[in-house]
2 protein chains.
Amino acid sequence: METKSPDAVSALGALAHEHRLAIYRLLVQAGPEGRAAGVIADALGVPASSLSFHLAHLTRAGLILQRRESRSLIYSADFGAMNALVGFLTENCCGGASCAPAAAPKKRKAS
Amino acid sequence: METKSPDAVSALGALAHEHRLAIYRLLVQAGPEGRAAGVIADALGVPASSLSFHLAHLTRAGLILQRRESRSLIYSADFGAMNALVGFLTENCCGGASCAPAAAPKKRKAS
DNA sequence: CCAATAATTCGATGATACTGGAAATGTGGA
DNA sequence: TCCACATTTCCAGTATCATCGAATTATTGG
């Protein structure tokens with residue numbers, strides 16, 4: 001649970017897209033049970049091949065998990081990854097606490 | 001302090017780049033005082049024109065602020081924006097609390 | 001084995017993003 | 001006013017990303 005800069009960049013990049021953010025939010029709402037690719041495509045109105053591209057992107061970034069269930073591929077949110085990302089942002093991009101003005105920076109093992 | 005999806009996408013996109021993330025972190029460490037563009041360029045070893053491009057990107061996304069101080073343009077982190085982003089991620093991309101497995105999703109004013 | 005279903009991979013196209021040198025802009029001192 | 005400094009804007013050139021139909025790869029039922 002030690003998100004490093006490169007990981008953070010790819011996680012941020014993965015979420016920095018309208019469709020992918022929507023996919024991720026849908027999967028978060030779905031919980032550990034997840035949703036089949038087809039269901040997601042249907043819910044968001046994205047063509048299957050485009051969706052597949054985005055799912056792969058999110059998977060590469062480690063934000064979602066894939067498992068097969070008979071004919072369907074089920075995707076689910078990896079909550080640990082998001083936790084790590086939020087932790088990274090809070091630690092490295094805020095004062096450390098909760099984004100206080102941070103006038104008094106403490107030593108922090110950067111990068 | 002109500003980050004909406006489009007804002008989140010642009011904020012995430014702004015941070016989803018090695019140089020820009022480095023810039024942002026540097027400015028967070030610098031605190032409200034901020035740093036001049038030249039100082040940042042020097043610290044990160046990025047050519048002035050490239051840096052300017054990234055600073056503009058971060059500024060457009062609302063993550064950093066610009067002010068002039070004599071000949072220098074001083075950039076500083078906008079802590080409120082980061083706070084809002086973290087809030088958005090926590091609310092919309094986690095169970096709501098702190099990324100609990102979220103087996104029991106509560107009603108959440110999505111989007 | 002064959003047909004049907006579920007998704008991915010391929011491939012071509014168009015759009016955006018990144019980079020960095022050179023020129024332009026703003027600012028202050030002599 | 002003139003020059004030096006601090007940055008940005010302009011402009012190519014290159015690279016990467018996004019889209020989506022068609023072809024391909026799994027998986028299951030008959």
Side-chain angles (χ1 to χ4, degrees), chain A residues 5-27 30 33-78, chain B residues 5-27 30 33-78:
Chain A
S5 288
D7 302 337
V9 168
S10 60
L12 290 165
L15 292 173
H17 186 282
E18 188 189 0
H19 288 164
R20 289 194 294 266
L21 186 56
I23 292 169
Y24 191 80
R25 291 174 67 177
L26 188 154
L27 291 180
E33 175 190 350
R35 289 280 185 274
V39 173
I40 301 172
D42 213 46
L44 303 184
V46 178
S49 71
S50 297
L51 185 84
S52 196
F53 168 80
H54 292 302
L55 287 171
H57 201 314
L58 285 164
T59 304
R60 266 199 311 278
L63 287 168
I64 64 177
L65 301 168
Q66 182 196 60
R67 72 177 190 273
R68 181 173 280 279
E69 204 154 289
S70 176
R71 267 182 263 201
S72 300
L73 284 174
I74 311 289
Y75 289 90
S76 57
D78 182 334
Chain B
S5 288
D7 301 336
V9 168
S10 60
L12 290 165
L15 292 173
H17 186 283
E18 188 188 0
H19 288 164
R20 287 193 295 266
L21 186 56
I23 291 168
Y24 191 79
R25 291 174 68 177
L26 187 154
L27 290 181
E33 175 190 350
R35 288 282 185 273
V39 173
I40 301 171
D42 213 46
L44 303 184
V46 178
S49 70
S50 297
L51 184 85
S52 195
F53 169 80
H54 292 302
L55 286 171
H57 201 316
L58 285 164
T59 304
R60 265 199 310 279
L63 287 167
I64 63 176
L65 302 168
Q66 182 197 59
R67 72 175 189 274
R68 181 174 279 280
E69 202 152 291
S70 177
R71 270 183 261 200
S72 301
L73 283 174
I74 311 289
Y75 289 90
S76 57
D78 182 333

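Each chain gets a letter, A, B and so on, in the order its sequence line appears, and its residues count up from 1.
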Could you tell me whether the side chain of L51(A) reaches within less than 4.5 Å of the side chain of I23(A), counting heavy atoms only?
-> yes
Once you round to the nearest 0.5 Å, how far does CG of D7(A) lie from CG of L12(A)?
-> 10.5 Å
B/S/- along nucleotides 17-30 of chain D (protein heavy atoms under 4.0 Å) is -SBBBB----BS--
Short question: side chain of R20(B), backbone of A14(B) - any donor-acceptor pair under 3.5 Å?
-> yes
What is the distance from CD1 of I74(B) to P of dA6(D), rounded to the nearest Å?
-> 12 Å
One should read off an interatomic distance between L73(A) CG and R35(A) CZ, to the nearest 0.5 angstrom, of 15.5 Å
Separation between CG of L15(A) and NE2 of H57(A), rounded to the nearest 0.5 Å = 10.0 Å
With a non-hydrogen cut-off below 4.0 angstrom, is S72(B) in contact with a base, only sugar-phosphate, or nothing?
-> sugar-phosphate
Which part of the nucleic acid, if any, lies within reach of A37(B) when heavy atoms closer than 4.0 Å are counted: base, sugar-phosphate only, or nothing?
-> sugar-phosphate
Rounded to the nearest 0.5 Å, how far does CG of D78(B) lie from CG of L63(B)?
-> 7.5 Å
Test item: S52(B) side-chain N/O and A48(B) main-chain N/O as donor-acceptor pair under 3.5 Å | no
5' to 3' on DNA chain C, which nucleotides open and close the contacts with chain A (atom under 4.0 Å from a heavy atom)?
-> dA4(C) to dT9(C)
OP1, OP2 of dA6(D) versus side-chain N and O of Y75(B): anything below 4.0 Å?
-> no
Grab the CZ-P distance between R67(B) and dT8(D) for me, whole Å please.
-> 14 Å
Check whether any side-chain N or O of R60(A) sits under 3.5 Å from a backbone N or O of G62(A) as a donor-acceptor pair, and report yes or no.
-> no
Mind checking A56(A) for me? I need base, sugar-phosphate or nothing, with any heavy atom below 4.0 Å counting as a touch.
-> nothing
